[in-house]
Amino acid sequence: MTENTTSNRPKAIIVAGPPATGKTAVMLHVVQSLLRNEQKVAVVKVDCLETEDDKKYAELGVPVAIGLSNDICPDHFYAVNFEEMISWAEEKESQILVIETAGLCHRCAPGIDGVLTFCVVDCLSSIKTPQKAGPVVTTSDVVIVTKGDMVSQAEREVFKARIREINPKALITEANGLTGSGCEGLAAIVNQESPLEEISDSRLRYPMPTAICSYCMGEKRLGNKHQHGVVYKMDFNTRGGGLYA
């Protein structure tokens, strides 16, 4: 008889979005709601150089692990460590694993096929933010709009309409990281998910950007003679044009 290796696997939720949008504040309320429903939750927080967010999650009494990506993109770091994150959550006997990743360049998109993905954006940013954020918004299952209490209803509707233009399939909802408004609904969405199945061959929904130039390897000197690897050079005769060096 073949052992069922998926029986103890947790559900996984990936939380992404630009910095300072309220990802942690919202997810703290979501985790509290899950705990009230007697769900066993674990959290992995991926950041760049330093974070205090693990302490906030730990205050809720849940297992927390932090991953600091240091010299590489936090979303690349998260993708490399995804299997290990799941194994750690299994060791903690968690039913739900929340993975919050820092996401900085807006071009990275941490969504994985078959894994629930949240993207958090805030109303105080530019009305063009959804388009500028790109794949991190377009590949998400749920787009969470925060700080809506600080703008008018009309502004919120325009902002959500912009999101809908680029990701018509996503559920667009509002949440308040201070009051917890809207977070019960997000917890309900998490509860409806199924545990993970196969993870060794999981696929990202969108390819990560190339990052193998000389500056990625620690080069500090400027100038063409010091630039190697995949390097884009501007084409000043074409708007937005780029050429490989």
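Position 1 is the first residue of the sequence, and the numbers go up from there.
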task: Give a yes or no on whether the backbone of Gly177 and the side-chain of His29 come within a donor-acceptor separation of less than 3.5 Å.
output: yes

task: Go through the structure and list residues passing salt bridge (charged side-chain N to carboxylate O under 4.0 Å, His left out) with Glu91, not counting sequence neighbours.
output: none

- line: Glu52 meets the salt bridge (charged side-chain N to carboxylate O under 4.0 Å, His left out) criterion, sequence neighbours left out, with Lys55

- prompt: Tyr78: what forms a side chain to side chain donor-acceptor pair (under 3.5 Å) with it, not counting sequence neighbours?
  reply: none

task: Please name all residues satisfying side chain to side chain donor-acceptor pair (under 3.5 Å) with Tyr215, sequence neighbours left out, ordered by chain then number.
output: Gln227

field: Closest contact, heavy atoms only, Met208 versus Ala79
entry: CE-CB, 4.1 Å

- request: Would you please say whether a donor-acceptor pair under 3.5 Å links the side chains of Thr146 and Asp122?
  value: no

Using distance only, find each side-chain donor-acceptor pair of residues 11-20 under 3.5 Å and give its atom names and separation, not counting sequence neighbours.
unit_1	atom_1	unit_2	atom_2	d
Lys11	NZ	Asn191	O	2.7
Lys11	NZ	Glu193	O	3.2

query: Closest approach of Ile163 and Val143, non-hydrogen atoms and distance?
result: CD1-CG1, 3.8 Å

message: Which heavy atom of Thr138 sits nearest to which heavy atom of Ile166, and what is that distance?
response: CG2-O, 3.5 Å

message: Does atom CG (Asp71) have a neighbourhood of more than 12 heavy atoms from anything else shown, all under 6.0 Å?
response: no

- prompt: Are Phe118 and Lys23 close enough that some pair of their side-chain heavy atoms sits under 4.5 Å apart?
  reply: no

- prompt: Can you name the salt bridge (charged side-chain N to carboxylate O under 4.0 Å, His left out) partners of Lys56, sequence neighbours left out?
  reply: Asp53

task: Sequence neighbours left out, what passes side-chain contact (heavy atoms from CB on, under 4.5 Å) with Ile127? Give chain and number order.
output: Val158, Phe159, Arg162

field: Ionic contact status for Glu174 with Arg156, cut-off 4.0 Å
entry: yes

Where Pro74 and Val46 come nearest, the two heavy atoms and their spacing: O-CG1, 3.5 Å

- prompt: For Gln153, does the CD atom have more than 12 heavy-atom neighbours from other residues, nucleotides or ligands under 6.0 Å away?
  reply: yes

Criterion side chain to side chain contact (heavy atoms under 4.5 Å, CB included) on Val145 and Lys160, from CA distance to verdict: CA-CA 8 Å; Val145 178; Lys160 288 190 286 187; 4.0 Å; yes

task: Can you measure from NZ (Lys40) to CD (Gln95) and round to the nearest 0.5 angstrom?
output: 6.0 Å

- prompt: How about Glu84: does its CD atom have over 12 heavy atoms from other parts shown lying under 6.0 Å from it?
  reply: yes

query: Which residue, Thr21, Thr139, Val137, forms the side chain to side chain contact (heavy atoms under 4.5 Å, CB included) with Cys119?
result: Val137

- line: Residues at least two apart in sequence or cross-chain that pass side chain to side chain donor-acceptor pair (under 3.5 Å) with Arg36, listed by chain then number, are Glu184

message: Test of understanding: with side-chain contact (heavy atoms from CB on, under 4.5 Å), list the residues that count as partners of Lys92, not counting sequence neighbours.
response: Pro63, Trp88, Ser94

message: Listing request: all salt bridge (Lys or Arg N to Asp or Glu O under 4.0 Å) pairs with a residue in residues 202-214, at least two apart in sequence or in separate chains.
response: Asp141-Arg205

task: Only counting residues at least two apart or in another chain, list the ones meeting side chain to side chain donor-acceptor pair (under 3.5 Å) with Asn176.
output: none

field: Donor-acceptor under 3.5 Å (Glu219 side chain, Arg221 main chain)
entry: yes

field: Those residues that, when tested against Glu155, pass salt bridge (charged side-chain N to carboxylate O under 4.0 Å, His left out) (two or more places apart)
entry: none

query: How close do Thr24 and Glu100 get, heavy atom to heavy atom, and via which atoms?
result: OG1-OE2, 2.6 Å

